[in-house]
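Working notes, structure below.
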Amino acid sequence: MALGDRMESRFSQSSASASSHLDEFSNREDGEFSGQRELETVVGADPVTGTTNIPYLPQTVFLCDSRHEGFEETVPTGPSESGLVSKWRPKEKMKTGCVALVLCLNIGVDPPDVIKISPCARMECWIDPFSMTAPKALDTIGKSLQAQYERWQPRARYRPQLDPTVEEVKKLCSSCRKNARSERVLFHYNGHGVPKPTSNGEIWVFNKSYTQYIPLPISELDSWLQTPSIYVFDCSAAGMIVNAFIERQDWNSSGSSNSSKDCILLAACEAHETLPQSADFPADVFTACLTTPIKMALHWFCLRSLLHDFIDHSLIDKIPGRQNDRKTLLGELNWIFTAITDTIAWNVLPHDLFRRLFRQDLLVASLFRNFLLAERIMRTANCSPISYPPLPSTHQHHMWDAWDMAAEGCLSKLPHLISDPAAEFQPSSFFTEQLTAFEVWLDHGAEHKKPPEQLPIVLQVLLSQSHRFRALVLLGRFLDMGPWAVNLALSVGIFPYVLKLLQTTAMELRQILVFIWTKILALDKSCQVDLVKDGGHAYFIKFLDSMDAYPEQRAMAAFVLAVIVDGHRRGQEACIQANLTHVCLRHLQLANPHEAQAEPLLLQWLCLCLGKLWEDFHEAQVIGLQADAPAIFTPLLLEPQPEVRAAAVFALGTLIEVGSDSCRDSHVGDEDCDEDEKPKAELSIVKSLLQVLGDGSPLVRAELAVALARFGFGHNKHLKSIAAAYWKPHPTSVLSSLPSLANIGSSIGSGSTNPNQYMHQGSSLSSQIGPVLRVGSESMSSTRDGRISTSSPIASTGILHGSPVSDDSSQHSDSGILLKESNTNGVINHPRSMPLDSTVYSQCVLAMSSLAKDPSPRIANLGRRALSIIGIEHVFSKAAKYNGGVHQGDLPGQPASPGFVGLARSSSWFDMHAGPLPMTFRTPPVSPPKQNYLTGLRRVYSLEFRPHQVGSQDTGLADPLLGSSGSMISERSLLPQSSIYNWSCGHFSRPLLAASDDNADIIARREEREKIALDNLAKCQHSSITKLSNQIASWDTRFESGTKATMLLPFTPIVVAADENERIRVWNYEEASPLNSFDNHSLSDRGVSKLCLINELDDSLLLVASSDGNIRIWKDFVLKGRQKLVTAFSSIQGHKPGVRASNAVVDWQQQSGYLYASSEISSILLWDLDKEQNISSISSSSDSNISALSASQVHGGQFAAGFVDGSVRIFDVRNPEMPVCATKLHNQRVEKVVGIGFQPGLGPTKIVSASQAGDIQFMDIRNHSKAYLTIEAHRGSLTALAIHRHAPVIASGSAKQIVKVFSLDGEQLSIIRYHPTFMAQRIGSISCLTFHPYRVLLAAGAADACVSIYADDNYQTR
């Protein structure tokens, strides 16, 4: 299957856009999902209602995407640009610039220490020196040797020196080094006419009259040639020279001289060996192997082959073709030889040595490939060539068999090709077979197995047009196996090949080349430089702009471009010139969010690519703004995929210029500064961004915090002024409250910029935001009497109002805010007046503060860093308990927008949102604040609070961040950094073409759990429960404040309990052993309102809903100390003014993936946890608050709500305009509904409701005028109600230490008052009840911190 097809089939499974759940419900008449399984054999028809009971086991899992892995623990790093990753790069490309050829042959005179045999090897450079006169032979051999070397390095300077003296050698070496400069020099020495080297490492040359042999020490030779250098010694006992050289190196390294000399030595034999004299070999067999390997290899093979008698040796010299033409026989042989020797070296050598010897210098690489042949051939003559650095033995490597096969094929064709020059050349099957071997490895190989030895051959195949496509596809499959595979491929030297392929125009290669580059850049960012240098970016821009490619492949092109421009100014400039901005924006506009074809991955990477292009690049930002980019991005903030929303927030954030405040304030009237346009555009961008403040995904909110921090940095003075003005009132007037975040959404929608519309008199602001304010002298100072100068631009824009502060606000004096003043008092002064839209600045401050209290610890940290940039700093310690209640100073009657995005305004905002933020204060060195100061403000001199850091000017600021712009670079390092880009890069590091291996295990476990669930479910429905008072376990949770919520896990004997302080404990009730204990979060006193299990048939997640509406979802919560926060968000984003968010009610519905939430607001919020988005706000149609909420666990989209006034309403998301049914069930005494739920079984029409008055009502919505059954269970003290999901049983608990169990007919099955101990102690006051989902087990949590579990008499442990 072609890679494009594989990619398409792979991606189409995972990236089909999820259609709207609401549409799904509204299009189905029965309200049941298509995934519902019909298991009528298990459960029969209900005789009462006549409906068929089909147990519904949800098939979808939620919150299991990669974005939920380790968001809190780790910050992703993205592609690396240095360190271990780039080891594959040669440190620097080398070139051999000069070659010295020293031949000491002295033809006709044998050296005294050599006794020659007869017949003896005579050929030197394939020339018989005795076939002509000695001087002519010497000259011819010298020229022939030069020609042989020029085949490997034609551009080098060659200096032959024939039978030289010491002086001539010295002159030669000095000249070579001078000409080569820093390039490598090759010194080739043929010593066949002189004695063997001495044990001291001396080689021999001649005197001028050729009457004496003169020794030349290797040390002198080394000092003349210097480094880098390579020596070839073709003489007997050449190992003597290598040994002497190594000794010299060791001696040097022990001294102070440079020990890292770049010297390479190749020697023909060991120190004790003599060169072979057999007439079958040339006399210079070592040189022949190094410089004419194909000819030497074929001669040697022919001698040992069966073809020996049929092939004339002279034919080998007539092989047709050229060495560099792969479509000829000689060229193909050379190509195969290169591939095989490369492969042997790659598989035998350490990778760093391989890169140094085979990838750094073309001539050195050729010599070492040929050296492997020399070792193979000369070992058959009992000679062992050696090298420095030493190489492992390779002469018996099995790849030589492949070479022998290729050589045999060549020789067998040779006579025919020579006799008929017009005969068509038939290429060898070598490369096809090797690619097949590589493909077999891909089918069975893995990281922990031996790497594929064919990798260097695949590299060679890329040179051939006929094999290229197949090789690239296989290479793509290999790279997809992981970063280790990419690193291997880069180490073997693939990079220059795939870089050059970007210059091809072949259409069929485009997709696979983009894929390969995606994999390379996901590992190593440093390749961006090479791509821009070679113009490769244009290839990817063209591909991105082509509509015929699949969207996920174009997403890869966008990823490649994003890496090219990431922190690389030349890349940014090149892509701007190639019009990348308009290409990306055009495709973002073309992608209709409502069409399934809009591939989320493409949208995500178009956004990230533009964000990286604009990041810290003013010219690109201007182009983006001129192209109206913010208007194109704003709709993406509502996309269903959190990754797309986060990427859009990131891109919009990069359009906000960091550090532009000084430009705006100090160059008034300077046209280059875009005096009006840029700040207006940035204000508009922030307005758009504020609508994601209440997003359900931490990924999105984290990017918002980073973007607001950038805005805070660029608009520092204005934001500090706003904050300072709000927190520093003067005695006779007070600034009114910051505009509520509840109104931000509507203000964005209406486009209103009237600052007065948010101003309301009389509400104190001190507790709205619970941070410490630090204000520098350049932006804020009070006058001596504590007044703010009324000439302040803040006052003039209509923010100041003249209403006194309520003294009641002193209740908030510990709200955790510190205002930092400078040592000098003056008045506020600004170079120019602030922009009119001060409301956006106010909203921005409030949004930062909301983020600083985010339920996700990482986002809260980002929010606090954003606040610190504008001079506000949180101070933390453990909170005291809060006594609750509504404060007198709060203003009732402030309308809250139903379509809120943020938090409704209230003077007790601070208390509602974070609980009392933990506070610490230093004692101020000045007199205590006067009464008329806003509550919670303490005047503290910055020097007392924190000593000045080095380099910060004496501005009176607590942090140099807020000082003058002189230290802009160091200040910018304090900005929180975006993580969406680095996190998104991880997607391409993972396998994209192969399905995960662990799917089979997951499916098997799921099937096993489904079987258990269905078996237990059938037992539940058919069991006749007589009583439920058999206490099988009792657990003292040791909660200080009693148990607030409990939950029984479906497939393990585990109970989870939580308390008022949000401590969560996990216990195995069959083994009576604690499993885990952890805090839901560190700063809580709200209590847990609900525990739910997400994905109960798979890897279950624990949903913990706090009473303040914050949702936190945990994985691995059963494992001691291993729990991890998957996601966290606030499900209640706005409140009626003046009322604490302390009674949030939530419920989870696995079938639909919906979380329903409500509190002291007039609507029920519908959260889609697949999209991590609030998709709807359903009006409760009541003036009363919701006190109980229950989602149907059988019919997706249905839920019931009980109200404080005793009324009950049933809703269906298919009809969000009004309740399906509304009735005042509990009308004897007006008491709030404590518990509500759908009756067991699968009929959607019957509900059970219990009020605090003690009555339990049974109602059928088909006749909802009155209850068809009423049970007076408890008298005025009912505290808990539990309804079994499948068994016909309900339970109620009382504050009077009683649990009663009833059948659906109203019959009391059992009553529980005492623990079954010897002393029969009374149970505690019941605070929560819950049934096991598939078994008849009841867990009861009590105020005495005891959790008891009850079963019927038939209970059996597993």
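We number each residue from 1, following the sequence as shown. Here the structure is a predicted model, which means the values were calculated and not measured. Just the heavy atoms: all of them, side chains too, but no hydrogens, waters or symmetry mates, feed the values below.
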Provide the closest heavy-atom pair for L1169 versus L63 in the form atom of the first, atom of the second, distance. O-CD2, 3.5 Å

Can you list the residues that meet the salt bridge (Lys or Arg N to Asp or Glu O under 4.0 Å) rule with [X], with sequence neighbours excluded?
{"X": "K1232", "value": "none"}
{"X": "D1098", "value": "R1006"}
{"X": "D1099", "value": "R1005"}
{"X": "D1059", "value": "none"}

Show me the donor-acceptor pairs, under 3.5 Å and distance only, between side chains in residues 1301-1308 and residues at least two apart or in other chains.
{"residue": "S1303", "atom": "OG", "partner": "D1305", "partner atom": "N", "Å": "3.2"}
{"residue": "S1303", "atom": "OG", "partner": "E1307", "partner atom": "N", "Å": "3.3"}

Contacts of F1117 that satisfy ring-ring contact (aromatic ring centres under 6.0 Å, His included) - sequence neighbours left out: none

Mind checking ring-ring contact (aromatic ring centres under 6.0 Å, His included) for H1274 and listing every partner two or more places apart, or none if nothing turns up? none

Taking the ring centre of each residue, are F1129 and W1167 less than 6.0 Å apart? yes

Taking the six-membered ring for Trp, are F1199 and W1148 ring centroids under 6.0 Å apart? no

Other residues, nucleotides and ligands only: do more than 12 of their heavy atoms fall within 6.0 Å of NZ on K1224? yes

Going by heavy atoms in the side chains, are [X] and [Y] under 4.5 Å from each other?
{"X": "R1065", "Y": "V1056", "answer": "no"}
{"X": "I1094", "Y": "V1126", "answer": "no"}
{"X": "I1064", "Y": "R1112", "answer": "no"}
{"X": "C64", "Y": "N1095", "answer": "yes"}
{"X": "W1067", "Y": "T1037", "answer": "no"}
{"X": "V1055", "Y": "I1349", "answer": "yes"}
{"X": "I1175", "Y": "Y1154", "answer": "yes"}
{"X": "L1155", "Y": "L1166", "answer": "no"}

Show your working on side chain to side chain donor-acceptor pair (under 3.5 Å) between S1163 and S1177 and close with a plain yes or no. CA-CA 6 Å; S1163 55; S1177 177; 3.3 Å; yes

Tell me which pairs pass salt bridge (charged side-chain N to carboxylate O under 4.0 Å, His left out) where either residue lies in residues 1274-1289, with sequence neighbours left out. E1096-R1285

May I have all residue pairs that pass salt bridge (charged side-chain N to carboxylate O under 4.0 Å, His left out) and include part of residues 1034-1044, sequence neighbours excluded? K1044-E1060

List in chain and number order the residues that pass side chain to side chain donor-acceptor pair (under 3.5 Å) with S1158, two or more places apart in sequence or in another chain; answer none if no residue qualifies. none

Just jot down the side chain to side chain donor-acceptor pair (under 3.5 Å) partners of S1310, sequence neighbours excluded, or say none. none

Just by modelled atom types, is the [Y] backbone N or O under 3.5 Å from a matching donor or acceptor in the [X] side chain?
{"X": "S1182", "Y": "S1184", "answer": "yes"}
{"X": "R1209", "Y": "C1221", "answer": "no"}
{"X": "S1159", "Y": "I1161", "answer": "no"}
{"X": "Q1149", "Y": "Q1198", "answer": "yes"}

Which pairs count as side-chain hydrogen bond (donor to acceptor under 3.5 Å, both in side chains) when at least one residue sits in residues 1113-1124, sequence neighbours excluded? E69-K1115, N1076-Q1123, N1080-W1114

So, [X] versus [Y]: side-chain donor-acceptor pair below 3.5 Å or not?
{"X": "S1251", "Y": "D1255", "result": "yes"}
{"X": "S1294", "Y": "S1277", "result": "yes"}
{"X": "S1249", "Y": "H1226", "result": "yes"}

Distance under 6.0 Å and angle within 45° of ring axis: R1063 vs F1039: no

